[in-house]
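Below: one structure, written as structure tokens.
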Amino acid sequence: MPLRELYQALFELYGPQGWWPVDLNYHNLKGTDPREEIIIGAILTQNTSWKNVERALDNIKSYGELSFRFIRESPIELLKELIKPTGFYNQKAKRLKEFCMLFKSANELENISREELLKAPGVGEETADSILLYAFNRLSFVIDKYTFRFIYRYMGITGNYSELKKTFERQLPKDLQVYKEFHALIDHHAKYFCKSAPRCEACMLKNCLRVGLSF
DNA sequence: TACCAGGTGGGAA
DNA sequence: TTCCCACATGGT
């Protein structure tokens, strides 16, 4: 089944996922930039469940302010304590702080190239694409662990990050909402059904499977 | 108890 | 270039 049809099937099944969740009321009240929350969240969510990221974001909000400025001006030991629920807190605190020293605000990232973003501390391919797509509305498809599994099982396609990224970007319409929703839908589907130990018996899309489940 | 989660970066081969 | 491993908390 072509990617576009898989997207339609997932969308009809689960509806819009509304990524990336940001509390606009909070930012209006504080006068902070919601894009900075997305970027901070993108770094904190690395190899961590979103629930734990929400805990860390709440800790930051309660103690100070969800902004680059707060991260930059806070002592590293305090940052470690606030983001502890996300795991890997030593390296995440260090990289987050370095990132916010390098870029004083989200405004400085508005026109950054993907290549430049990849040079920033704590930013690999997935984080860079998440930032570009969800914070800056740039057409850059995000590939993650779930996507590798999903596209192999449903389309028999394997490859490295950039190969899969090209596949999605070639086959999908150049539509921001499709990019944002498709990535979120794949994650949702993979989290509940297309797990590493798959739950095919309960999966509504099992008839779309193309290959085995050895991924 | 063991595995997995909205990965990255450094070092060895 | 590619592969392997450390990084760490919290849920199932």
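Only a predicted model underlies this, so the values are computations on that prediction, with no experimental measurement involved. Throughout, protein chains are lettered first and strands after them, A, B, ... in sequence-line order, and every chain is numbered starting at 1.
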Mind checking the P distance from dG6(B) to dA6(C)? Whole angstroms is fine.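 Straight-line distance between the two P atoms is 23 Å.
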Taking the P atom of each, how far is dC5(C) from dC3(B), in whole Å?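 Between the two P atoms, the distance is 15 Å.
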Measure [atom1]/[X] against [atom2]/[N] and give the value in whole Å, please.
{"X": "Trp50(A)", "N": "dG11(C)", "atom1": "CH2", "atom2": "P", "value": "16 Å"}
{"X": "Ile83(A)", "N": "dG10(C)", "atom1": "CD1", "atom2": "P", "value": "12 Å"}
{"X": "Leu44(A)", "N": "dT9(C)", "atom1": "CG", "atom2": "P", "value": "15 Å"}
{"X": "Gln46(A)", "N": "dT9(C)", "atom1": "CD", "atom2": "P", "value": "17 Å"}
{"X": "Lys92(A)", "N": "dA6(C)", "atom1": "NZ", "atom2": "P", "value": "18 Å"}

Does the Arg72(A) side chain pair with the main chain of Lys97(A), one donor and one acceptor, at a distance under 3.5 Å?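 Absent.
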Report yes or no: does Lys195(A) contribute a side-chain atom to a donor-acceptor pair with the main-chain N or O of Tyr192(A) at less than 3.5 Å?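 Judged by distance alone, no pair lies under 3.5 Å.
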Any chance the side chains of [X] and [Y] put a donor and an acceptor closer than 3.5 Å?
{"X": "Asn47(A)", "Y": "Lys145(A)", "result": "yes"}
{"X": "Asp144(A)", "Y": "Thr147(A)", "result": "yes"}
{"X": "Gln46(A)", "Y": "Thr127(A)", "result": "yes"}
{"X": "Thr48(A)", "Y": "Lys92(A)", "result": "yes"}
{"X": "Ser140(A)", "Y": "Asp129(A)", "result": "yes"}

Compare all side-chain heavy atoms of Ile112(A) with those of Phe103(A) and state whether any distance is below 4.5 angstrom.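 Yes, at least one pair of side-chain atoms sits under 4.5 Å.
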For the residue pair His27(A) and Asp33(A), establish whether any side-chain heavy-atom pair is separated by less than 4.5 Å.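 Of all side-chain heavy-atom pairs linking Asp33(A) with His27(A), none is under 4.5 Å.
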Closest-nucleotide 5' rank along DNA chain B - winner of Tyr146(A) and Pro121(A):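 The 5'-side residue here is Tyr146(A).
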Close approaches to DNA chain C from residues 173-191 of chain A, in residue order (heavy atom, under 4.0 Å):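 Residues of residues 173-191 of chain A under 4.0 Å from DNA chain C: none.
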Answer with yes or no after comparing the ring centroid distance for Trp20(A) and Trp50(A) against a 6.0 Å cut-off, counting only values under it.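 Under 6.0 Å, so yes.
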Asn47(A) side chain N/O closer than 4.0 Å to the phosphate oxygens (OP1, OP2) of dC7(C)?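 No, Asn47(A) has no side-chain N/O under 4.0 Å of OP1/OP2 on dC7(C).
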Between Tyr89(A) and dC7(C), does any side-chain N or O lie under 4.0 Å from OP1 or OP2?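 So the side-chain polar atoms of Tyr89(A) never come under 4.0 Å of the phosphate oxygens OP1 or OP2 of dC7(C).
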How is [X] classified with respect to the nucleic acid when contacts are heavy atoms under 4.0 Å: base, sugar-phosphate, or nothing?
{"X": "Val142(A)", "value": "nothing"}
{"X": "Gln91(A)", "value": "base"}
{"X": "Gly87(A)", "value": "base"}
{"X": "Ala93(A)", "value": "nothing"}
{"X": "Thr86(A)", "value": "nothing"}

Nearest-nucleotide 5' precedence on DNA chain C, Lys51(A) against Thr48(A):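 Residue closer to the 5' terminus by nearest nucleotide: Thr48(A).
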Boundaries of the chain A footprint along DNA chain B (any atom under 4.0 Å from a heavy atom):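 The contacted stretch runs from dC4(B) to dG9(B).
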